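In the text below, chain A, chain B and the rest are named by the order of the sequence lines, each starting its count at 1. Please read all numbers here as calculations on a predicted model, not as lab measurements. All values below were derived from every heavy atom in this structure, side-chain atoms included, with hydrogens, water molecules and symmetry-related copies excluded.
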There are 2 protein chains.
Amino acid sequence: MSDTTRHDARSADVPRRLRVVVADDQAAVREPLAAVLALSEDIDVVAAAADGDEVLAAAAAGPVDVVLMDLRMPRTDGIEATRRLTEEHPGVAVVVLTTFADDDSILAALSAGARGYLTKNAGRQDIVRAIRAAAAGQSVLDREVQDRLLATVRTRTTAPRQSLPEDITPREREVLALIGQGLPNRAIAEKLFISEATVKTHINNLFAKAGIRDRADAVRRALAAGL
Amino acid sequence: MSDTTRHDARSADVPRRLRVVVADDQAAVREPLAAVLALSEDIDVVAAAADGDEVLAAAAAGPVDVVLMDLRMPRTDGIEATRRLTEEHPGVAVVVLTTFADDDSILAALSAGARGYLTKNAGRQDIVRAIRAAAAGQSVLDREVQDRLLATVRTRTTAPRQSLPEDITPREREVLALIGQGLPNRAIAEKLFISEATVKTHINNLFAKAGIRDRADAVRRALAAGL
DNA sequence: CCGTTGTTCCACCCGTGGGTCCAGGTGCGG
DNA sequence: CCGCACCTGGACCCACGGGTGGAACAACGG
C-alpha cells in the first residue's frame, strides 16, 4: 500500500482545493460556517444554499466536490436534496450536519446517499475532516450516529438465526417452513406429495419437540429460524 | 497525495501527538505501515503488535489513543482484541484495517467497538484521516464498507415497515399485534378486556381489509409490519 | 339533526386445526 | 437379524378459528 496509489479516479494527486457548498436555512448558522470552512486552505466554499433547491442549482451550475447539508430546510429538505444529488451528480459527496440524530433521520440520510453524518456539536476540525474524507470516498460518522446505526443493525441481524431444538427431522423442518409461509395443511400435503394425515403427524411431532403451541406460534418460530 | 501539504489540525488546538499501535501479523505489512504513519508529525507509533495479545499488552503498558487493527491474526484475532480493548480501555479507539470487507467481518468488528473500518486499498492519507477521526470520537468507514453496512440495515429495517392498508382502525391494529404474538382469541379478549366475540369481529374486519386469509398469514403480516 | 365510523356484543354454522392412538414400510447400524 | 428412527397413513374427537348476519351505543362532523 503506497501512499501514491488511489483507486479513486476523480481525486487529484495535486493539492486541489475542495469545492464545498454549505446548505442551511438559518443564515446565522450558514454564514459563520462558510466563513470558518473557508479558513482551511484546501477548501473553497463555492456556494451557500438556504434550501435543497438552491443546493441542486449550485450543483448544476458548476463542479462541486462536497455538500455540507442540513436536514431541516424549507421546500426541498436535506434528505430529498441528497437523494437527487447522488442521482444526478454521483461525483458529489454529501455530508449531513444536523442537530437531529434520531434513527429515522440517520437511516434516511444514509440511504439517500449521504457519505457522512455529523451532529451540530461537532467542532471545526471534525467538520473539515468529514469533508475531506467524503471527498476521498470515505464516510465519517459521529460516534453517537455510528452507535445508533449499529444498534438498529444488531437488533435485527444478530438476534435471529437461533431457536429450534436439534432433534427435529428434515421432513419436520420442511413442514415447518411451509407453515411459516402460511400454507394450510392441505396445501402442504400437495406440495410435499403426501397425505394431509401425514402432515398432521409431522406437525404434531414437531410441536411436541419444539414446544410449539399454536400454528401461529409455529409461524413465528419458523420466521425466527430463518425458514 | 503530496506529503508536503499536511493540511491539518496541529496548528490550532491539538498539539498533542496521537499514540498509535499498529497491529498486523505480517511484518511485511506492519513495519512499512508503522514507518509511513510515523511520517505524520502528529502521530507517534508507540508499538507494533503481531497478534491481539500484543495489542492488549501494549494498551496495558502505556497510554494509547488509537489502535490500527488487522482482523486476521493468530492467537487472539482482531475482533476479540477489539472487544477486550473497548471493555478494558474505553479511551482507546480501534480502527480496523483489513483486506476483508464481508458483511460478517464488518458487523463483528463494529459491534466489538471498532470506530473505523478501512480496506487495505486505502491510501496513507485515508488511514491517517481515520486515525485522527477515531481519536476525536468520530468513525470513518470506507465507501464500500458503509454501503454494505447500510444494505444490511435496509434489508432488515426499512423493508419490513411496509404492508398494512390505511383504513385499519387502532383497535384492529392492536388485535393484530396480539395475534402476531401468537395469542389465541380468548387470551386477546382477556388482555383487551373485551369479549371473545368482539375479538372475532375485529379479526374478521381486519382480514377483509388487509386481505389476510389465515391466522398464520396474520402473524406474518404483523411481524412484517413491526408489531 | 342525522348519517357515519368505531367499538362493543350476540347467535349460528362448519371447516380446519390440534391431540391421540395405532400401524405399515423403509433404511440404517449394532 | 433385530431394533430403531423416520416417513407414511388412517381413524376419531372436539375445540378453536373464521364467516355471516344482526344489533346496540358513543363520538364526530356535515
Side-chain angles (χ1 to χ4, degrees), chain A residues 104 159-227, chain B residues 158-227:
Chain A
D104 287 344
R161 292 291 176 246
Q162 278 160 349
S163 48
L164 283 194
E166 270 311 309
D167 57 337
I168 288 185
T169 72
R171 202 56 162 175
E172 287 164 356
R173 187 179 308 267
E174 206 169 352
V175 171
L176 178 57
L178 294 175
I179 291 180
Q181 293 173 21
L183 300 182
N185 289 347
R186 200 188 312 114
I188 296 177
E190 288 171 4
K191 205 149 203 163
L192 299 181
F193 303 105
I194 58 180
S195 85
E196 200 176 330
T198 308
V199 174
K200 283 189 162 194
T201 304
H202 287 313
I203 289 179
N204 281 322
N205 296 334
L206 181 60
F207 283 14
K209 287 179 187 174
I212 300 177
R213 297 181 305 274
D214 267 351
R215 173 161 283 249
D217 198 16
V219 173
R220 296 172 52 226
R221 299 287 293 272
L223 293 185
L227 305 177
Chain B
T158 56
R161 296 291 177 240
Q162 280 160 348
S163 48
L164 284 193
E166 270 313 308
D167 57 338
I168 287 185
T169 71
R171 202 58 163 174
E172 288 165 353
R173 189 179 305 267
E174 206 170 352
V175 170
L176 178 57
L178 294 175
I179 291 181
Q181 292 173 22
L183 300 182
N185 290 346
R186 200 191 314 115
I188 296 177
E190 288 170 5
K191 205 149 201 161
L192 298 181
F193 304 104
I194 58 180
S195 85
E196 200 177 332
T198 307
V199 175
K200 284 189 164 192
T201 303
H202 287 313
I203 290 179
N204 280 323
N205 295 336
L206 181 61
F207 283 15
K209 288 180 187 172
I212 301 177
R213 299 180 305 273
D214 269 348
R215 174 160 283 247
D217 198 16
V219 173
R220 296 171 52 226
R221 298 286 293 272
L223 294 184
L227 305 177

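- Two residues are said to be in side-chain contact when any heavy atoms from C-beta on lie closer than 4.5 Å; L206(B) and R173(B) fail this criterion.
- Taking atom NZ of K200(A) as the reference point, atom P of dG19(C) lies 11 Å away to the nearest angstrom.
- Proximity of H202(B) to the phosphate of dT8(C): a side-chain N or O atom is located under 4.0 Å from OP1 or OP2.
- Taking 4.0 angstrom as the limit, N185(B) places none of its side-chain polar atoms (N or O) nearer than this to OP1 or OP2 of dC16(D).
- Mapped onto DNA chain D by nearest heavy atom, N205(A) and R213(B) fall at different nucleotides, with N205(A) at the one closer to the 5' end.
- Between dT16(C) and R215(A), no contact under 4.0 Å exists linking OP1 or OP2 to a side-chain N or O.
- Between the side chains of T198(A) and S195(A), at least one donor-acceptor pair of N or O atoms lies under 3.5 Å.
- Under 3.5 Å, the side chain of S195(B) and the base of dC10(C) form no donor-acceptor pair of N or O atoms.
- A residue-by-residue look at E196(B) and E172(B) shows that E172(B) has its nearest nucleotide of DNA chain C further toward the 5' end.
- Rounded to whole Å, atom P of dT7(C) lies 11 Å from atom CG of L192(B).
- Minimum interatomic distance between G180(A) and R220(B) (heavy atoms only, all atoms of both residues): O-CD, 3.0 Å.
- Note that NE2 of H202(A) is 8.5 Å distant from CD of E174(A), once rounded to the nearest 0.5 Å.
- A straight line from NZ of K209(B) to P of dT5(C) spans 10 Å, rounded to a whole angstrom.
- Using a 4.0 Å heavy-atom cutoff across all strands shown, T169(A) reaches sugar-phosphate atoms only and no base atom.
- In terms of phosphate contacts, T198(B) brings no side-chain nitrogen or oxygen within less than 4.0 Å of OP1 or OP2 of dT7(C).
- For P170(B), taking side-chain heavy atoms from C-beta onward, the closest of the listed nucleotides dG19(C), dG17(C), dT7(C) is dT7(C).
- For the pair N204(B) and dG19(D), the criterion of a side-chain N or O lying under 4.0 Å from OP1 or OP2 is met.
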